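What follows is a single structure, written as structure tokens, with notes after it.
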Amino acid sequence: MKQFMACMAACALAITLAGCASSPEKSVVREKDMEKMLEQAQGKDEAGSYEQVKEELKKYDSYKTKLDNKKLKVTVDVDARVEVPEVEKLSVYRVSQAKISQRFLDQVRKALTPDVVYYDGNKKEARTKSVVAQELREVEQWLADARKSGDNQMAEEYAQNVAELKREYEEVPDQVNLTDFPSDNKIQSIKKLYDDSPKDTFYSWLHSLHGTGDVYYGVSDAKDGNIRELFVQNSPNYGNCLRYTSGRNGCATHIYNANVGSEVPFIVPKKDGQEPDFMESGIENGNGKGKGDGVTAKPVDNEPLTLSQEDAEKKVNTFLKQLGLNDYQCYEKGLCAQMVGDALGEGKEGQKYRNVYRFTFLRKLDQVFVNNLSGFKFNEGWQGNEHVKKMWESETIVVTVNDSGITDFYYLSPLTIDKTLVEKSRIKSFEEIRGTFEQMVVIENADKDSESEGSVAVKVTDVSLVYTRISEKDSFDTGLIVPVWNFNGTVTDSYGEKKTGTVLSVNAIDGSVINQTLGY
């Protein structure tokens, strides 16, 4: 199961740029009171109308200010345009997680790969004697090294691993022929799959993570030279998603990752005519002159990108319309470089990338984006004798395109709009929101490294009023969509590491600061 452990280790939890540690100074908001917030939204206090806020913002060509807190070692530079949606009202909605249905899976297969035969993906991941033998050789070498160095504790652990691998070697088949296992293309209960095949390492791994969830995993035989994988996950612990990926050079990632994720992995923006910068992944550019891990990335020559971005976007819009995904609009788009095949360390020729157009779509309600990209709800702890770990990530659609058509389609954490709680919400003035921001941006980004000699530099470049999903009290599976002010830009820590995204989110109804990691 080494590949699954590596897969899980690679699943990074997205966190907002604003820290979630306890504040060194008094916080503006000590508790989140959802009932009181809804009362404010309905106009039972002094909150203003959205029309008043739009009128107020006419005097803001831009919002500029500079803050310097030497005690907390934070500087803030704001030079931002302030954007508000041109709508008559903002509302509050109750939402819940939506499952991927069998009907939707069938629609995706028909739209993307109507003539492709899929096979059971667990057989692609099946452990054979050659796989186990390779792991056995590695662990035996580790055991020898540990004994030679006198590390008795590690030697004992390695010895146990060697014994387990030897037992497994006797049980696994010599080989597995994928084409002997055509898929029925049905979403099935993980528990049933596990109960029917308890020795199947893939189903055992899924069952340990998702318990009562559902799954579909299909792969093609790649006889036409194009590898395709299609995966559906409905998990009460890790969320719901559909992922599709294809390519002539291997898939960009293991699409059966437990975390839903909000991005297509191993992909970076690219300026036309320039080499992509994969240094954040520890991978050098194709010229091999960087100071990374000594592995170079080179472009593939069998997956061209010659069509225009406009034509690519037309393909994507037609595809989403086929699936009935009409409530989403393009939020970001651009030329990108995507690692393929050896991005996961497979093969001996080094990492490779292909050029694609990437399109990110978000839901629009009342013609306002529901932007939850900076975080998600995460809950982990003990409930009685049971350790519970749950996450609810951001609803997103990501599609990539090259000359061969749609190469990736990720439909992540879909929502159901259950009820309109407040039709015409009242919200606070921007002057009050601005005051909250200027106090809390310093507190939330205070340098927590007492030994650091540097300071944290915050730069805000735009401020936008959008919708965001927040959590309801005592409920993991439902949330509220509310209007929030997102202050976006970059945070550079005291060691020079820079992160770009949402610096701070402030609830436009009650002025509370939203911790995107906790979900409220």
Side-chain angles (χ1 to χ4, degrees), residues 14 83 100 104 107-113 226 228-231 241-247 251-253 255 257 260-272 274 276-278 299-300 303-340 343 353-365 367-374 376 393-415 462 464 466-467 486 488 500-502:
E83 297 179 319
I100 303 295
F104 187 74
Q107 286 179 302
V108 171
R109 287 182 49 246
K110 182 178 180 181
L112 284 176
T113 55
N226 200 17
R228 300 176 180 88
E229 296 189 12
L230 179 58
F231 177 81
C241 66
L242 181 147
R243 303 188 189 105
Y244 167 82
T245 187
S246 66
C251 298
T253 185
I255 63 170
N257 284 354
V260 171
S262 60
E263 266 292 4
V264 177
F266 299 105
I267 189 165
V268 298
K270 182 184 179 185
K271 294 182 179 179
D272 200 9
Q274 296 183 17
D277 182 7
F278 287 105
V300 298
E303 290 195 67
L305 178 63
T306 61
L307 83 165
S308 67
Q309 181 171 297
E310 181 181 4
D311 288 340
E313 188 168 6
K314 289 179 181 178
K315 287 180 180 289
V316 174
N317 288 333
T318 299
F319 168 63
L320 296 184
K321 187 175 181 180
Q322 282 181 276
L323 300 182
L325 298 175
N326 302 314
D327 295 332
Y328 305 85
Q329 292 190 24
C330 188
Y331 181 76
E332 289 181 338
K333 56 188 174 183
L335 177 66
C336 292
Q338 181 182 31
M339 302 301 298
V340 293
Y353 71 87
R354 65 185 178 190
N355 294 316
V356 295
Y357 293 116
R358 175 179 58 185
F359 301 89
T360 299
F361 287 76
L362 299 180
R363 181 185 294 272
K364 266 197 168 183
L365 282 172
Q367 290 303 306
V368 181
F369 277 116
V370 181
N371 185 344
N372 222 145
L373 291 177
S374 60
F376 57 88
E393 301 192 40
S394 306
E395 183 184 44
T396 319
I397 294 174
V398 183
V399 189
T400 65
V401 180
N402 64 15
D403 286 4
S404 64
I406 292 173
T407 52
D408 294 282
F409 170 52
Y410 280 40
Y411 185 32
L412 310 173
S413 301
L415 295 175
D462 76 83
S464 57
V466 298
Y467 278 138
N486 275 351
N488 305 308
T500 301
T502 300

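These numbers come from a predicted model, not from an experiment.
- What you find for Pro269 and Cys336 is that their closest heavy atoms are CA-SG, 3.9 Å.
- Remark: the backbone N or O of Ile255 is paired with a side-chain donor or acceptor of Arg243 at under 3.5 angstrom.
- Taking the side-chain hydrogen bond (donor to acceptor under 3.5 Å, both in side chains) definition, one finds that Ser413 meets it with nothing, sequence neighbours left out.
- In this structure, the side chains of Val356 and Asn402 come closer than 4.5 Å at one or more pairs of heavy atoms.
- Between Phe409 and Phe104, the ring-plane angle classifies as tilted under the 30° and 60° cut-offs.
- The side-chain contact (heavy atoms from CB on, under 4.5 Å) test with Leu362 is passed by exactly one of Tyr331, Tyr328, Tyr467: Tyr331.
- Between the side chain of Arg363 and the backbone N or O of Leu415, at least one donor-acceptor pair lies under 3.5 Å.
- A donor-acceptor pair is defined here as one N or O able to donate and one able to accept, closer than 3.5 Å; no such pair exists between the side chain of Thr502 and the backbone of Asn486.
- Note that CG of Asn371 and OG of Ser464 are 7.0 Å apart. Values are rounded to the nearest 0.5 Å.
- Although no hydrogens or angles enter the test, the distance criterion places a donor-acceptor pair under 3.5 Å between the side chain of Asn226 and the main chain of Gly247.
- With sequence neighbours left out, Asp403 forms a salt bridge (Lys or Arg N to Asp or Glu O under 4.0 Å) with no residue at all.
- Looking only at distances, a side-chain donor or acceptor of Thr407 sits under 3.5 Å from a matching main-chain atom of Thr400.
- Scanning both residues, Leu412 and Cys241, for their nearest heavy atoms gives CD2-CB, 3.8 Å.
- Thr113 and Arg228 get closest at one heavy-atom pair: CG2-CD, 3.6 Å.
- Interatomic distance, Tyr357 OH to Gln338 CD, rounded to the nearest 0.5 Å: 14.5 Å.
- If you take OH on Tyr244 and CG on Leu242, they are separated by 11.0 Å, rounding to the nearest 0.5 Å.
- Closest non-hydrogen pair, Ile100 versus Pro414, comes out as CD1-CG, 3.9 Å.
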Atom pairs and distances, side-chain donor-acceptor, residues 315-325, under 3.5 Å, sequence neighbours left out:
from: Asn317; atom 1: ND2; to: Glu313; atom 2: O; distance (Å): 3.3
from: Thr318; atom 1: OG1; to: Lys314; atom 2: O; distance (Å): 3.0

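- A heavy-atom distance below 4.5 Å is not found between the side chains of Glu395 and Asn372.
- Here the side chains of Arg358 and Glu332 are not in contact, with every heavy-atom distance at 4.5 Å or above.
- Between Ile406 and Val399 there is a side-chain heavy-atom pair separated by less than 4.5 Å.
- At a threshold of 4.5 Å between non-hydrogen side-chain atoms, the residues Ile397 and Phe359 do not count as touching.
- In this structure, Val401 and Leu305 have side chains that are not in contact, with every pair of non-hydrogen atoms separated by 4.5 Å or more.
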